[in-house]
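Reading through the structure tokens given below for one structure.
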Amino acid sequence: MKSSNSNPDHDQNKEQKETHPPGAPALSSHFIKEIIQEDLRTNKWGGRVQTRFPPEPNGYLHIGHAKSICLNFGTAAEFGGKCNLRFDDTNPSKEEVEYVDSIKEDVRWLGFDWEDRLFFASDYFEQMYEYAVQLVKQGRAFVCDLSADEITQYRGTLTEPGKESPYRNRSVEENLDLFERMRKGEFPNGARVLRAKIDMASPNLNLRDPIMYRIVHAEHHRTGNQWCIYPTYDWAHGLEDSIEGITHSICTLEFEDHRPLYDWYLDQLGVYHPRQIEFARLNLNYTVMSKRKLLRLVQEKYVSGWDDPRMPTICGFRRRGYTPESIRVFADKIGVAKRDSVVDFALLEHCLREDLNKWAPRVMGVLRPLKVIIDNYPEDSVEELEAVNNPEDPAAGMRKVPFSRELYIEQDDFREEPPKGFFRLSPGKEVRLRYAYIIKCESVVKDEKTGEVKELHCTYDSETKSGSAGADRKVKATLHWVSASHAIEAEVRLYEHLFIIPDPDDVPEGTDFTANLNPKSLEVLKSCRVEPSLADAKPKDRYQFERLGYFCVDLDSTKEKLVFNRTVTLRDEWAKMEKKQKENK
RNA sequence: UGGGGCGUCGUCAAGCGGUAAGACACAAGACUUUGGAUCUUGCAUUCCCAGGUUCGAAUCCUGGCGCCCCAGCCA
């Protein structure tokens, strides 16, 4: 990861960098770091720290993978070590290049660099085959002719031991011959497998003569038709780690039961032997994380695709406007432990706001426009008002915003009958327009039939212009606005949690997680108005729309038609109050 | 009922025998031309439960209880 102290330039009219340099290094500690520190102290690995991120290219990466990526790349970097990007491509029937490309893009976007260490399990197929031959020669592996069903039956159950395969005691010569012929393609899919000879009575099912190779006549995205036998995960993974000289092989909890097998293979072979360490995978409330469920959301069109801004995929968060920095900080804050947990989505949003607040340029945009006419403001006059680009960063400078007689404000900022605690605009009340004047609502024009508020007639106090002597008069609220004739029309896509309840899998009998999909997770507003300084906004640019939230220019956006995604709202005390008031009724 | 893990604030999470960090969330207040940001304060007499060891236990021992994972030729 590169680090830099230079301040990115966030002037609206200049290029916005998509990513921002990482801040201070993480300081949090966890049990894996302790293991590494101890190993460094005892010089167990000759002072090396070598990790790897080993995705299977059978789907898109999600925020759970981000935790693993940050753990593997981040921890290695912290101890002066290296982390490999390795594709675990041992199952040609499920894997595709589309996925390897997206995975590389996502890891890079998160800010990590595998340098020249891009590896594929398939690069080791020949070596793995030789190791398998070695095990056969040692009498620790055999070719089994049982069918898949039979193998299942022979395996026994959680409480009963399994039975040994009738093929278990074939001679080394016969096994060698059969295994070679498996490789040559003499047998159809499923006809035979190569199995390790361990212990059919082991209480750990993984040790009941596990399968090392299966016959799969399928084209592999990298090796083509070179192979028709493919190694299983358990057989392959430790070998991959061993070949690459991994020191700490970090994986998730469900592989804890596999560690004895990982160790057994490496011990039998007498080769370099990394240490496998397991940690709890990330769960987030209000979303789902399993590849299977994510795939269903895409295939059944509940979302527009893998990069739908509501998806917990890395590309989804990217499109939504999340920053790599915020995800890295999040990964650090959630910690690493062995207990199952569900992290509050609010923490991720907190990390996002914390980052964006520092540098996102402020602009004004009105989502649901309400026309305001300043009756006592000169008809043809236009003032260019000074606006601060970012109060958190004086270096971000100022910009001009045009002000005129006809404006738009937010519909939410006006109430004909203001509820308790509402101190925005209402009939007879005063409010400040940001960077402009204090205005007073004089009258309300409504649609005769529907009663809908069409426009507001106001007057302004010319003595109260921002920055002037009379500007210090206190009013309860400051509203954002745009000049009607200068504003640019834009589409804004509003997002909420994809699911309506914290645990999407909490469903009544007979339904599934899709029953908890939030019908309001996407709302498209077509006639929003944004200030003219946004005319040159390009996809991926991020802004804070004052008082509303952070927004990101979407990939669909064009010069003619701007499209924004709401990345995250600002914290909103009033919304909270209002919600509480409603709940109390 | 076999094996492997795990149980500390609403949610994450430190703690490694010396008397419960921190973060998010929440609540109250200050400040504020973003009801944003910032600041201040509050928020586990108690660590799944019950015994025991000890001057002293969240940490050690014993016994319970609860949750997660494992019976793919997936990873």
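Residue numbers start from 1 in every chain, and the chains themselves are labelled A, B, ... in the order their sequence lines are given, proteins ahead of strands.
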- Spacing of A:L146 atom CG relative to B:G72 atom C1', expressed in whole Å: 15 Å

- Message: Under 4.0 Å from OP1 or OP2 of B:A37: is there any side-chain N or O of A:R571 that close?
- Response: yes

- Do A:Y60 and A:Y99 make the cut of ring centroids closer than 6.0 angstrom? yes

- Would you tell me if any nitrogen or oxygen in the side chain of A:H350 comes within less than 4.0 Å of OP1 or OP2 on B:C24? yes

- Would you indicate, yes or no, if B:U38 has its OP1 or OP2 atom less than 4.0 angstrom from a side-chain nitrogen or oxygen of A:R353? no

- When we call it a touch if two heavy atoms are under 4.0 Å apart, what does A:S341 touch: a base, just sugar-phosphate, or nothing? sugar-phosphate

- So does A:E392 reach the base of B:U38 with its side chain, donor to acceptor, closer than 3.5 Å? no

- Parallel, tilted or perpendicular: which fits the ring planes of A:H258 and A:F255, with parallel below 30° and perpendicular above 60°? perpendicular

- What's the CG-P distance between A:L570 and B:G35, to the nearest Å? 9 Å

- Query: CG of A:D505 versus P of B:C68: gap in Å, rounded?
  - Reply: 12 Å

- Parallel, tilted or perpendicular: rings of A:Y213 and A:Y129 (30°, 60°): perpendicular

- Separation of B:U34 C1' from A:K358 NZ (nearest whole Å): 19 Å

- Message: Tell me whether the rings of A:H497 and A:Y286 are parallel (<30°), tilted (30 to 60°) or perpendicular (>60°).
- Response: parallel

- Query: Expressed as a whole number of Å, how far does the P atom of B:A44 sit from that of B:G2?
  - Reply: 40 Å

- Message: Under 4.0 Å from OP1 or OP2 of B:C67: is there any side-chain N or O of A:K338 that close?
- Response: no

- In whole angstroms, how far is the P atom of B:C26 from the CG atom of A:L347? 12 Å

- Would you mind classifying the nucleic acid contact of A:R155 as base, sugar-phosphate or nothing, using non-hydrogen atoms under 4.0 angstrom? sugar-phosphate

- Message: Between A:R339 and B:C12, is there a contact of a side-chain N or O with OP1 or OP2 at under 4.0 Å?
- Response: no

- Message: Rounding to an integer number of Å, can you tell me how far A:E546 CD sits from B:U34 P?
- Response: 8 Å

- Task: Establish, yes or no, whether a centroid distance under 6.0 Å links the rings of A:Y230 and A:F125.
- Result: yes

- Task: Report which part of the nucleic acid A:R434 touches: base, sugar-phosphate, or nothing (heavy-atom distance under 4.0 Å, all strands).
- Result: base

- Message: From CG of A:N206 over to P of B:A75, roughly how many Å is that when rounded to an integer?
- Response: 13 Å

- Item | OP1 or OP2 of B:U33 under 4.0 Å from side-chain N/O of A:K476 | no

- Are OP1 or OP2 of B:A75 and a side-chain N or O of A:T90 less than 4.0 angstrom apart? yes

- Query: With nearest nucleotides of RNA chain B determined for A:N285 and A:S466 from heavy-atom distances, which residue corresponds to the more 5′ nucleotide?
  - Reply: A:N285

- Message: At less than 4.0 Å, is any side-chain N or O atom of A:R547 found next to OP1 or OP2 of B:G36? Yes or no.
- Response: no

- Message: On the nucleotide B:G72, are OP1 or OP2 found under 4.0 Å from the side-chain N or O atoms that A:T152 carries?
- Response: yes

- Message: Under 4.0 Å, counting only non-hydrogen atoms across every strand here, what does A:E34 touch: a base, just sugar-phosphate, or nothing?
- Response: base

- Report yes if at least one side-chain N or O of A:K474 is closer than 4.0 Å to OP1 or OP2 of B:U33; otherwise report no. yes

- Message: Can you measure A:I211 atom CD1 to B:A71 atom C1' for me and round it to whole angstrom units?
- Response: 12 Å

- If anything within 90° of 0 is syn and all else is anti, what is B:G72? syn

